Amino acid sequence: MKKILVVSPHPDDETLGCGGTLLKLKKQNYKIDWLIITSMSEDLFNSKSRLKRNNEIKKVKKMYNFNNIFNLNFPTMKLDQIPLREIIGKVSKVIKISRPNTIFTNFYGDVHSDHKIVFDVISSCTKNFRCPYVSKIFLYETLSETGYFLGNKNKVFIPNYFSDITKLMTKKIKIMNIYSSELMKGYMPRSIRGIKTLAEYRGLFINVKYAEAFMLVYEKD
């Protein structure tokens with residue numbers, strides 16, 4: 001069975017970036033593990049919010065039917081205050097346990113500091129001589145984080161791989177609704193309208209109603 005590891009700097013990134021694709025691959029009998037890098041810290045979030053988030057994670061795991069969850073519980077919005085070697089060490093252990101053939105992670109040009117660090121960590125942890133079993137690495141785009149680069153052309157998300165999620169879009173939205181506190185309203189990027197609009201736009205590239213787009217940055221036979 002093929003194995004996949006999807007990496008989320010924060011819970012909801014996996015659904016925004018590749019939720020439909022994960023659902024499709026699960027239907028194809030892929031084993032999928034979920035690595036969550038950060039969680040709500042006690043100094044920034046009250047116990048009610050933290051409990052709500054933990055319940056959301058349990059519901060999301062069930063909806064995707066993930067095989068395993070690895071939650072590293074680093075404090076959200078504070079990854080830049082933690083020694084990089086500590087994060088790399090914990091992520092490396094997860095990758096060695098999961099032994100994925102394919103990894104989905106966030107785009108290197110995302111504006112959120114947590115996202116930037118997570119990409120650097122995954123890059124360090126997936127050197128081919130350390131993880132020969134990894135044959136593909138995809139970068140996904142995250143609404144409200146990808147594309148806000150203020151003119152730096154090196155941070156433009158240029159997809160080269162597209163996944164038709166037309167039949168799974170309804171379920172992707174249903175899962176995203178679990179993260180009620182993360183959803184925006186109206187014409188904001190991380191709104192249901194925004195999620196559907198991006199999927200429709202990406203669908204135009206492959207002549208389907210809804211699609212997700214990726215940058216395939218590593219591939220070997």
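Since this is a predicted model, take the numbers as computed values, not measurements. Computation of the quantities below employed the complete heavy-atom set of this structure, encompassing side-chain atoms and omitting hydrogens, waters and symmetry-equivalent molecules.
Distance alone, capped at 3.5 Å, is enough to place a donor-acceptor pair between the Asp13 side chain and the His10 backbone. The main-chain N or O of Tyr210 is never found under 3.5 Å from a side-chain atom of Arg202 such that the two would form a donor-acceptor pair. With hydrogens and angles disregarded, a donor-acceptor distance shorter than 3.5 Å links the side chain of Lys24 to the backbone of Asp164. In this structure, Asn101 contributes its side chain and Val134 its backbone to no donor-acceptor pair below 3.5 Å. Side-chain atoms of Ser123 come within 3.5 Å of backbone atoms of Phe119 as a donor-acceptor pair (strictly under, hydrogens ignored). Between the side chain of Glu212 and the main chain of Gly20, a donor-acceptor pair closer than 3.5 Å is present. Although no hydrogens or angles enter the test, the distance criterion places a donor-acceptor pair under 3.5 Å between the side chain of Ser191 and the main chain of Gly194.
Contact check for Leu216 versus Lys136: side-chain heavy atoms found under the 4.5 Å cut-off. Residues Thr126 and Ile95 are in side-chain contact: their nearest non-hydrogen atoms beyond the backbone lie under 4.5 Å apart. You'll find the side chain of Met77 reaches within 4.5 Å of the side chain of His112, heavy atoms only. When side chains are defined from C-beta on, Lys31 does not count as touching Ile4, because their heavy atoms never get closer than 4.5 Å. Looking at heavy atoms from C-beta onward, Leu139 lies out of side-chain contact with Asn106 at the 4.5 angstrom threshold. Proximity of Ile195 to Met169: side-chain heavy atoms (C-beta onward) are separated by under 4.5 Å at one or more points. Side-chain atoms of Asn68 and Ile97, non-hydrogen and from C-beta on, never get closer than 4.5 Å to each other. Counting heavy atoms from C-beta on, the side chains of Val6 and Cys18 come closer than 4.5 Å.
When hydrophobic clusters are built by joining Ile, Leu, Val, Met, Phe, Trp and Tyr residues whose side-chain heavy atoms come closer than 4.5 Å, directly or via intermediates, Ile36 is not grouped with Val91. The cluster map of Ile, Leu, Val, Met, Phe, Trp and Tyr, joined by side-chain heavy atoms under 4.5 Å apart, puts Leu72 and Val60 in different clusters. Hydrophobic clustering places Ile87 together with Phe70 (ILVMFWY residues linked when any side-chain heavy atoms are closer than 4.5 Å, directly or through intermediates). Cluster membership for Ile69 and Leu16, using ILVMFWY side-chain heavy atoms within less than 4.5 angstrom, is shared. Under the 4.5 Å side-chain contact rule for hydrophobic residues, Phe162 and Phe107 do not share a cluster.
Salt-bridge check for Glu56 with Arg53: passed, with a basic side-chain N closer than 4.0 Å to an acidic carboxylate O. Checked for salt-bridge contact, Lys209 and Glu200 miss the test: no charged N lies under 4.0 Å from a carboxylate O.
For Lys196, the NZ atom counts as loosely surrounded, since its 6.0 Å shell holds 12 or fewer non-hydrogen atoms of other residues, nucleotides or ligands. Within 6.0 Å of the NZ atom in Lys220, the count of heavy atoms belonging to other residues, nucleotides or ligands exceeds 12. The environment of NZ in Lys27 is sparse: at most 12 heavy-atom neighbours from other residues, nucleotides or ligands sit within 6.0 Å. Within 6.0 Å of the OH atom in Tyr133, the count of heavy atoms belonging to other residues, nucleotides or ligands exceeds 12.
Between the side chains of Asn73 and Lys90, no donor N or O sits under 3.5 Å from an acceptor N or O. Residues Asn46 and Ser49 have side chains that bring a donor and an acceptor to within less than 3.5 angstrom of each other. Residues Thr15 and Lys172 have side chains that never bring a donor and an acceptor to within less than 3.5 angstrom of each other. Between Glu141 and Thr146, the side chains place no donor N or O within less than 3.5 Å of an acceptor N or O (distance only, hydrogens not considered). Residues Thr38 and Lys78 have side chains that never bring a donor and an acceptor to within less than 3.5 angstrom of each other. Using modelled atom types, one finds no donor on one side chain facing an acceptor on the other under 3.5 Å when comparing Thr21 with Tyr140. Side chains of Asp33 and Ser98: a donor on one and an acceptor on the other come within 3.5 Å.
Here the CD1 atom belonging to Ile57 is positioned 11.0 Å from the CD1 atom belonging to Ile178, to the nearest 0.5 angstrom. Rounding to the nearest 0.5 Å places OG1 of Thr105 at 11.5 Å from CD of Glu14. Taking CD of Glu219 as the reference point, atom CG of Asn160 lies at 9.5 Å (rounded to 0.5 Å). Separation of atoms CZ (Arg130) and OG (Ser124) is listed at 5.5 Å; rounding is to 0.5 Å. Between the CZ atom of Arg50 and the CG atom of Asn55 there is a distance of 13.0 Å, given to the nearest 0.5 Å. How far CE of Met188 is from CG of Leu143: 11.5 Å, rounded to the nearest 0.5 Å.
Using the six-membered ring where Trp is involved, Phe66 and Tyr64 have ring planes that are parallel, under 30° apart on the 30 and 60° scheme.
Between Ile122 and Val7 the shortest heavy-atom distance is CD1-CG2, 3.9 Å. In this structure, Ser39 and Asn71 approach most closely via the heavy-atom pair CB-OD1, 4.4 Å. The shortest heavy-atom contact between Ser8 and Trp34 is OG-NE1, 2.9 Å. Smallest separation of non-hydrogen atoms from Phe157 and Ala213: CZ-O, 3.7 Å. The minimum heavy-atom distance linking Ile82 with Phe74 is given by the pair CD1-CD2, 3.4 Å. The two atoms that bring Arg193 and Gly186 nearest to each other are NE-O, 3.5 Å, heavy atoms only.
When ring centroids are compared, Tyr161 and Phe138 come within the 6.0 Å threshold. With ring centers used as reference points, Phe104 lies under 6.0 Å from Phe214.
In summary, of the residues considered (Val121, Asp120, Asp114), a side-chain contact (heavy atoms from CB on, under 4.5 Å) with Leu79 occurs for Asp114 alone.
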Might you work through the side chain to side chain contact (heavy atoms under 4.5 Å, CB included) test for Leu51 and Met40, ending with a clear yes or no? CA-CA 10 Å; Leu51 178 61; Met40 293 179 169; over 6 Å; no

